[in-house]
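To start, the structure itself, in structure tokens.
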Protein chains: 2
Amino acid sequence: MNNEKQIVDALRKRGNKVTPQRLVTIEVLMTFREQHFSVEELFQGVKQRNPDVGMSTIYRTVQILEEMGFITKRNFDDGFARYELCELDEKHWHHHLICLKCGKVIEMQDDFLEVLEKEIEEKKEFIIINHELKVYGYCSDCYGITKGEQFD
Amino acid sequence: MNNEKQIVDALRKRGNKVTPQRLVTIEVLMTFREQHFSVEELFQGVKQRNPDVGMSTIYRTVQILEEMGFITKRNFDDGFARYELCELDEKHWHHHLICLKCGKVIEMQDDFLEVLEKEIEEKKEFIIINHELKVYGYCSDCYGITKGEQFD
DNA sequence: ATATGTGCAAAACATTTGCATTTCG
DNA sequence: CGAAATGCAAATGTTTTGCACATAT
């Protein structure tokens with residue numbers, strides 16, 4: 001997991017400026033550790049600490065941070081883009097179990113896909129940089145509730 | 001793979017009406033067999049055969065067809081929702097290799113994930129209905145082009 | 001000094017909705 | 001007939017952009 005200083009240094013190295021607005025944005029970002037946050041949510045957090053920051057500044061900063069690889073865009077079909085902090089030191093990513101009933105997103109660490117990756121690289125002549133697995137179904141809470149029902 | 005008649009019958013059974021607009025929409029849909037189409041693209045195809053159909057009608061029909069399970073929404077981060085025809089008779093879905101350079105989407109059939117699914121159902125107490133795997137990297141064309149370069 | 005970033009309001013964009021009218025069953 | 005569907009235009013909601021001004025390096 002990256003810390004604030006790493007991001008700030010990387011910004012400077014890239015020729016980007018480190019403004020107060022960006023500092024606060026990064027600060028708030030760090031408090032989102034395990035969460036999937038939307039730009040709106042980030043904006044609200046930033047506004048609490050500095051009410052004069054504009055929405056578009058947040059959008060622009062998020063775009064840069066994504067280009068730099070510090071955050072990754074995710075899509076959970078809830079109307080807006082969500083992001084999460086990347087863990088650059090880990091080779092493999094976690095995956096998501098998404099409940100079709102309540103929408104809960106459960107994270108899951110896994111390295112099973114390494115075998116599959118090798119196969120793909122050989123068979124398909126494709127160089128793999130990253131992968132993303134979403135598993136849709138029913139979480140234990142919702143399974144309990146719907147026990148006995150038909151799932152469609 | 002479903003045919004037009006199956007869809008039409010299912011619509012009637014559900015209490016939906018089979019209008020000329022919907023018939024054309026389904027017709028065009030069938031020509032999209034292997035493609036990932038956007039609502040806009042579907043709309044253009046429909047308009048060619050019946051210029052008086054409105055965009056919102058297409059949106060509404062797509063929504064119904066998705067609820068019915070004939071098409072599935074996909075997100076390739078290109079600005080709009082994409083859909084593809086479901087193959088209801090196949091238990092497992094195909095996955096997507098997405099080229100980070102040219103954006104090409106390569107399909108891949110696979111059943112490796114069955115082992116992983118079992119593990120998830122046990123460990124996480126999660127009932128799996130479906131899963132979706134996206135693999136990001138560089139396709140053979142783009143790998144050729146960028147050979148020797150740094151991938152960032 | 002100058003490239004870069006900012007805030008604001010306006011634009012762009014896909015998607016949804018309200019409503020009067022039409023059509024399928 | 002009556003429920004459902006249609007087309008249009010307007011509304012929605014997120015994200016982007018143009019621009020004049022401000023600021024980091």
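These numbers were taken from a predicted model, which means no experiment stands behind them. Every chain is numbered from 1, with letters handed out A, B, ... down the list of sequences.
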Side chains of A:His131 and A:Glu117: do they bring a donor and an acceptor to under 3.5 Å?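 Distance-only check passes for A:His131 and A:Glu117.
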How far does the helix from C:dA1-D:dT25 to C:dG25-D:dC1 bend, going by the axes of its first and last five pairs, to the nearest 10°?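 Inter-axis angle at the termini of the helix from C:dA1-D:dT25 to C:dG25-D:dC1: 40°.
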From the options A:Arg82, A:Gln35, A:His36, select the one residue that forms a side-chain hydrogen bond (donor to acceptor under 3.5 Å, both in side chains) with A:Glu41.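 Single side-chain hydrogen bond (donor to acceptor under 3.5 Å, both in side chains) partner of A:Glu41 among A:Arg82, A:Gln35, A:His36: A:Arg82.
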Where the side chain of [X] is concerned, which of [options] is the nearest nucleotide?
X       : options               : answer
B:Thr57 : D:dT15, D:dT23, D:dT6 : D:dT6
B:Asn16 : D:dA24, D:dA5, D:dT14 : D:dA5
B:Ser56 : D:dT6, D:dA24, D:dA9  : D:dA9
A:Ala81 : D:dG2, D:dC19, D:dT15 : D:dT15

First and last nucleotide of DNA chain C in contact with chain A, 5' to 3', at under 4.0 Å to a heavy atom: what are they?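 Span of nucleotides near chain A: C:dA3 to C:dC8.
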Flag yes if A:Phe80 and A:Phe32 sit in one hydrophobic cluster, no otherwise; membership is Ile, Leu, Val, Met, Phe, Trp, Tyr, and two members link when side-chain heavy atoms are under 4.5 Å apart.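 No: no chain of side-chain contacts under 4.5 Å links A:Phe80 to A:Phe32.
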Do any N or O atoms from the side chain of B:Arg49 and from the backbone of B:Val24 form a donor-acceptor pair under 3.5 angstrom?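 No.
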Salt-bridge present ([X], [Y]; N to O < 4.0 Å):
X       : Y        : answer
B:Lys13 : B:Asp9   : no
B:Arg74 : B:Glu132 : yes
B:Asp52 : B:Lys47  : no

Pick base, sugar-phosphate or nothing for [X], based on heavy-atom distances below 4.0 Å to the nucleic acid.
X       : value
B:Arg22 : sugar-phosphate
B:Arg60 : base
A:Thr19 : sugar-phosphate
B:Tyr59 : base

side-chain N/O A:Gln63 vs D:dT15 OP1/OP2, d < 4.0 Å: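 Answer no for this pair, as no side-chain N or O of A:Gln63 is under 4.0 Å from OP1 or OP2.
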